[in-house]
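One structure is given here, and the rest of the page talks about it.
Quick note on labels: first sequence line is chain A, next is B, and so on, each numbered from 1. We use all heavy atoms of the structure for the numbers below, so side chains are in, but hydrogens, waters and symmetry mates are not.
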There are 2 protein chains.
Amino acid sequence: MTEDGGRRGAGPAAGGGRRSAEATRAAILRAARDRFAADGYDRATIRAIAADARIDPSMVMRYYGSKENLFATAAEFDLRLPDLSGVPADRLGRELVSYFFTRWEGDATLPALLRTASTNPSGAERVRAIFTTQLGVAVGRVVADPTEAPRRAGLVASQLLGVALTRYVLRLPPMVDISPADLITWLAPTIHRYLTDPDPASH
Amino acid sequence: MTEDGGRRGAGPAAGGGRRSAEATRAAILRAARDRFAADGYDRATIRAIAADARIDPSMVMRYYGSKENLFATAAEFDLRLPDLSGVPADRLGRELVSYFFTRWEGDATLPALLRTASTNPSGAERVRAIFTTQLGVAVGRVVADPTEAPRRAGLVASQLLGVALTRYVLRLPPMVDISPADLITWLAPTIHRYLTDPDPASH
DNA sequence: TTGGGAAGTCAACAGGCGTTGGCATACCGT
DNA sequence: ACGGTATGCCAACGCCTGTTGACTTCCCAA
């Protein structure tokens, strides 16, 4: 019957006027980020995102064209890695780890990306691009032998993404409960070693 | 178009007879594991699984009741961790890492679990149970102070699952290309340290 | 030989999805 | 005051999903 009231609880015009296009675009994007983060690509429906943004689903299409495109925009993601070349060698690990932490805590974009990358091929491709280029480049500037940079960046990514996965996505209790400070202290030597230890494979 | 031929490539009766209930159950389970591994819970459809098993979708329901239940069965998962109590302390890391590796390579169950856990709450719950109990217990037997076991197990899980994620799910090139032997050599000291280093938080 | 149960097929259901196009409404420059 | 345009809603489309129940076919035991 589709008649869910004619007057829905809090319509977009409840408070009075309507929003500017900019405001609506931004509201949709915010809602999309939250939903993608919480539910992953498949379970995050356009209808739910639209409801969160207090807007009709068709508006999402008008502003972003398609769900795939909306996700691409929502997952636009810059690690904004700091320049590590000025950091003394023995502080590299700690610096990188604590930077990642302040970047993640309170920003749900990375979990969203991880959730989606697990099932959506273009999401996986995006994570791959982010980590092989952005992290790869930053690591390249810091590593002695540049040919080893990809491998070292991969190892660093494996530990950092492992933490993101267990803490934000799977929510393993010990990883959720640990304080950022403690976690940083545990992780820093690992990252440091991946960056600086001689490659054990090149005997 | 539901008419994919009427005569589909190789119908269940192509070779002649039909299968035993056991054989069909097993075929469905195998197909389910593959599909869940490749696509995750949402994108792995009952219809696709049934097609892989060369059976009607309704048979899947008859044998497993529901998709949720089929997944629960397909994701039945025992880490089968070896007893580490006989291992000399300085070999613990290497032992655990190489065990995990021989367990994963060639078995798609873990990636399936990871893919699903990223979007499906009951999948996440399952991973949580597996790692907090199975890994937690094994680590508890090996760690000096048992109250530290959960935290140490969590750290170990973060690195091991991080590798599984980057290598099998995201397929980051450097992590895919690296040989198991090299990877084990890189990871062993990390795991070893998470198991044995004094907790830096308890000053 | 025949009956009964197991194994499998078929067609349909109710509901949710992304997406579309037409229609209403409020704003704002003139 | 007014018309155009930006903003928004509504209703529907075609498709795919998990799930169901009735029907057919085969095998094997009596």
_Ring-plane angle category for A:Trp104 and A:Phe101, please: parallel below 30°, perpendicular beyond 60°, tilted otherwise._
tilted
_Could you go through B:Glu148 and B:Arg151, starting from their C-alpha distance and side-chain angles, then the distance that decides it, and tell me whether this counts as salt bridge (charged side-chain N to carboxylate O under 4.0 Å, His left out)?_
CA-CA 6 Å; B:Glu148 291 177 347; B:Arg151 169 164 297 190; over 6 Å; no
_Nearest-0.5 Å distance that lies between atom CG in B:Leu70 and atom CZ in B:Arg33_ = 9.5 Å
*Please give, in whole Å, the distance from D:dA22 P to B:Arg62 CZ?*
12 Å
*Nucleotide nearest A:Met59 (side chain, heavy atoms from C-beta), chosen from D:dT19, D:dT7, C:dA7*: D:dT7
*asked:* Counting the atoms with a prime plus P, OP1 and OP2 as sugar-phosphate, which does B:Tyr63 contact under 4.0 Å by heavy atoms, base, sugar-phosphate, or nothing?
replied: sugar-phosphate
*Measure the acute angle between the ring planes of A:Tyr41 and A:Phe36, then classify it against the limits of 30° and 60° as parallel, tilted or perpendicular.*
parallel
*Test side-chain contact (heavy atoms from CB on, under 4.5 Å) applied to B:Glu105 and B:Arg167, step by step*: CA-CA 10 Å; B:Glu105 299 276 319; B:Arg167 183 175 172 95; 3.0 Å; yes
*How long is the line joining CZ of B:Arg54 and C1' of C:dA7, in whole Å?*
18 Å
*asked:* Rounded to whole Å, how long is the line connecting atom CE of B:Met61 with atom C1' of C:dG8?
replied: 16 Å
_Just the rounded figure in Å: distance from C1' of C:dT19 to CD of A:Glu68._
14 Å
*Tell me whether the guanidinium CZ or amine NZ of B:Arg25 lies under 6.0 angstrom from the six-membered ring centre of B:Tyr64 and within 45° of its axis.*
yes
Under 3.5 Å between N/O atoms: give me all the protein pairs with nucleotides 11-16 of chain C, atom names plus distance.
none

*How many angstroms lie between atom CG of A:Leu29 and atom OG1 of A:Thr24, to the nearest 0.5 angstrom?*
12.5 Å
*Could you check which of C:dG18, D:dG18, D:dG8 has an atom nearest any side-chain atom of B:Ile46?*
D:dG18
_Rounded distance (Å) that lies between atom P of D:dT17 and atom OH of B:Tyr41_ = 14 Å
*Name every residue in residues 22-39 of chain A that has at least one heavy atom under 4.0 Å from any atom of DNA chain C, in order of residue number, or write none if there are no such residues.*
none
*May I have the distance from A:Ile55 (atom CD1) to C:dT19 (atom P), rounded to whole angstrom?*
18 Å
*Rounded to whole angstroms, how far apart are CG on A:Asp42 and P on D:dG18?*
12 Å
_Closest heavy-atom pair and its distance - B:Val163, A:Ser158_ = CG2-OG, 4.0 Å
_Using whole Å, what does the distance between atom P of nucleotide D:dC16 and atom NZ of A:Lys67 come to?_
16 Å
*Spacing of OG belonging to A:Ser98 relative to CG belonging to A:Leu183, to within rounding of 0.5 Å*: 11.5 Å
